[in-house]
Q: 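This is the structure I want to talk about, given as C-alpha cells.
Sequence lines set the chain letters: A, B, ... in the order given, protein chains first and strands last, and positions in each chain run from 1.
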Amino acid sequence: MTNDRPRYWLMKSEPNAFSFDDLLAAKGKRTCWDGIRNYQARNFMRDDMRKGDRVLYYHSNAKPPGVVGLAEVVKEAYPDHTQFDPASHYHDPQSDPADPRWLMVDIKALRKLPRLVELDELKSRPELSEMAVVQRGQRLSIQPVTPEEWAVVLELGGLTAKI
DNA sequence: GCCAACGTTGGC
DNA sequence: GCCAACGTTGGC
C-alpha cells in the first residue's frame, strides 16, 4: 500500500525559550513539545507524525534564524498537560479534560548540524523554494518537509552521511 | 521595536 | 456565515 504521509518535519523553537542546546542538555536529550496552540500544527502531530519521523530543529526569532540540529519523534501525539494548568501560559480554560483540544509529541535530539543553515541560505536555494519556512508570512510552527528538501538541508548543514 | 501577515474571535 | 477587530508570529 502507498503511504505518502510526511516523514520529515521542520519544528520551530525560539532559542531563548528552548534552544537545540537545551534539548541536548535535557534528560535523555528529549522533551515534550508542549504549547502548540494552532489547529493545523496540532493536526499534523495528530494525523501524520509518527515515531521515528525526523525533524529539522529550527531557531526562530534568532540571530540569524535557521536550522540548527536534527531530532526524531519518540512519542506520538498525546494530550498537552499545560492546557489544564491555570498557572501555565498555555492554559486553555475551554479545553475539556474528557476531550483535550491540544496535543503534543516527544522529540529527541539526534545531532547538531556541523554548521547552522541560515534562513537566508534556505531562501537562496531553488530546490528549497517550496519549503513553507521560506514563504513570506508563513508562521506555522510545525511543517512537513520532503525527503529531497531534507537531503539538501543536511548537505548545507555539512552532513555527508545519510541520516 | 516595528510591522506585515496571518489565525482566531465574536458581533451581527 | 461574514468580516472587523484583535492577538500573535517572526523576520527585519
Side-chain angles (χ1 to χ4, degrees), chain A residues 5-6 8-26 31-49 53-73 76-107 109-110 112-146 148-150 152-158:
Chain A
R5 72 169 182 83
Y8 299 97
W9 304 91
L10 179 144
M11 294 170 79
K12 296 180 185 175
S13 184
E14 302 196 13
N16 53 10
F18 196 82
S19 70
F20 192 72
D21 285 339
D22 291 332
L23 181 60
L24 286 170
T31 191
C32 59
W33 205 252
D34 60 1
I36 298 294
R37 296 294 181 269
N38 170 283
Y39 288 106
Q40 201 178 347
R42 180 206 64 183
N43 293 348
F44 276 137
M45 290 194 290
R46 183 189 63 194
D47 302 334
D48 294 322
M49 264 194 179
D53 282 2
R54 299 298 163 97
V55 175
L56 299 173
Y57 198 104
Y58 179 88
H59 278 173
S60 61
N61 260 324
K63 288 193 291 186
V67 178
V68 62
L70 307 179
E72 83 176 305
V73 176
E76 295 180 9
Y78 64 108
D80 178 343
H81 55 90
T82 63
Q83 70 197 301
F84 303 122
D85 177 2
S88 171
H89 176 64
Y90 300 117
H91 182 227
D92 181 355
Q94 298 188 70
S95 184
D96 176 2
D99 184 21
R101 177 180 292 182
W102 304 113
L103 305 173
M104 60 187 182
V105 297
D106 288 0
I107 67 167
L110 286 173
K112 201 167 182 171
L113 289 176
R115 52 179 297 277
L116 173 75
V117 183
E118 297 184 17
L119 176 60
D120 278 348
E121 213 171 343
L122 298 175
K123 286 179 172 172
S124 74
R125 285 298 185 136
E127 317 93 290
L128 304 180
S129 62
E130 301 298 312
M131 281 186 87
V133 73
V134 307
Q135 309 305 322
R136 175 178 174 81
Q138 178 54 262
R139 305 182 310 177
L140 196 58
S141 61
I142 297 180
Q143 310 173 353
V145 169
T146 68
E148 294 79 14
E149 291 163 348
W150 172 266
V152 172
V153 174
L154 262 57
E155 189 181 344
L156 292 173

Q: Nearest whole angstrom, please: distance from the C1' of B:dG7 to the CH2 of A:Trp102.
A: 10 Å
Q: With respect to A:Thr82, which candidate in A:His89, A:His91, A:Arg37 satisfies the side-chain hydrogen bond (donor to acceptor under 3.5 Å, both in side chains) definition?
A: A:Arg37
Q: What heavy-atom pair brings A:Leu56 and A:Met131 nearest, and what distance separates the two atoms?
A: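 Looking at all heavy atoms of both residues, the shortest contact is CD1-CE, 4.3 Å.
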Q: Just to verify, which of A:Phe20, A:Trp9, A:Phe18 counts as forming a ring pair (Phe, Tyr, Trp, His ring centres under 6.0 Å) with A:Tyr57?
A: A:Phe20
Q: Heavy atom of residues 123-142 of chain A under 4.0 Å from DNA chain B: which residues?
A: A:Arg136, A:Gly137, A:Arg139
Q: State whether A:Lys12 places a side-chain N or O below 4.0 Å from either non-bridging phosphate oxygen (OP1 or OP2) of C:dT9.
A: no
Q: Within this structure, what is the CG-to-C1' distance between A:Asp92 and B:dT9, rounded to whole angstrom?
A: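 Nearest whole value for this atom pair: 13 Å.
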Q: Starting at atom CD of A:Glu118, determine the distance to atom P of C:dG10, rounded to an integer number of angstrom.
A: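 It is 18 Å, rounded to the nearest whole Å.
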Q: Report the distance from atom OH of A:Tyr39 to atom P of C:dT8, rounded to the nearest whole Å.
A: 15 Å
Q: Expressed in angstrom and rounded to an integer, what is the separation of A:Asp120 atom CG from C:dG10 atom P?
A: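 Taking atom P of C:dG10 as the reference, CG of A:Asp120 is at 17 Å.
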Q: Just to be sure I understand the geometry, which residues of residues 57-70 of chain A put a non-hydrogen atom under 4.0 Å away from DNA chain C?
A: A:Tyr58, A:Ser60, A:Asn61, A:Pro65
Q: Atom CG of A:Asn38 to atom P of C:dG7: distance rounded to whole Å?
A: 18 Å
Q: Should A:Val68 and A:Ser19 count as side-chain neighbours, where that means a heavy-atom distance under 4.5 Å?
A: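 No, side chains not in contact.
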Q: Using whole Å, report how far CZ of A:Arg42 lies from C1' of B:dT8.
A: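 Taking atom C1' of B:dT8 as the reference, CZ of A:Arg42 is at 14 Å.
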Q: Given A:Trp102, which of A:Tyr39, A:Phe84, A:Tyr90 fulfils the ring pair (Phe, Tyr, Trp, His ring centres under 6.0 Å) condition?
A: A:Tyr39
Q: In whole angstrom, what separates A:Gln143's CD from C:dG10's C1'?
A: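 These atoms are roughly 12 Å apart.
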Q: Taking C-beta and beyond as the side chain, do A:Leu70 and A:Arg54 meet within less than 4.5 Å on heavy atoms?
A: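 Heavy-atom side-chain distance check fails, nothing below 4.5 Å.
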Q: Using side-chain heavy atoms (C-beta onward) and a distance below 4.5 Å, is A:Val67 in contact with A:Leu113?
A: yes
Q: Tell me, please, which residues at least two apart from A:Tyr58 pass ring pair (Phe, Tyr, Trp, His ring centres under 6.0 Å).
A: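 For A:Tyr58 there are no ring pair (Phe, Tyr, Trp, His ring centres under 6.0 Å) partners, ignoring immediate neighbours.
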Q: Less than 4.5 Å apart, side chain to side chain, heavy atoms only: is that true for A:Val105 and A:Ile36?
A: no
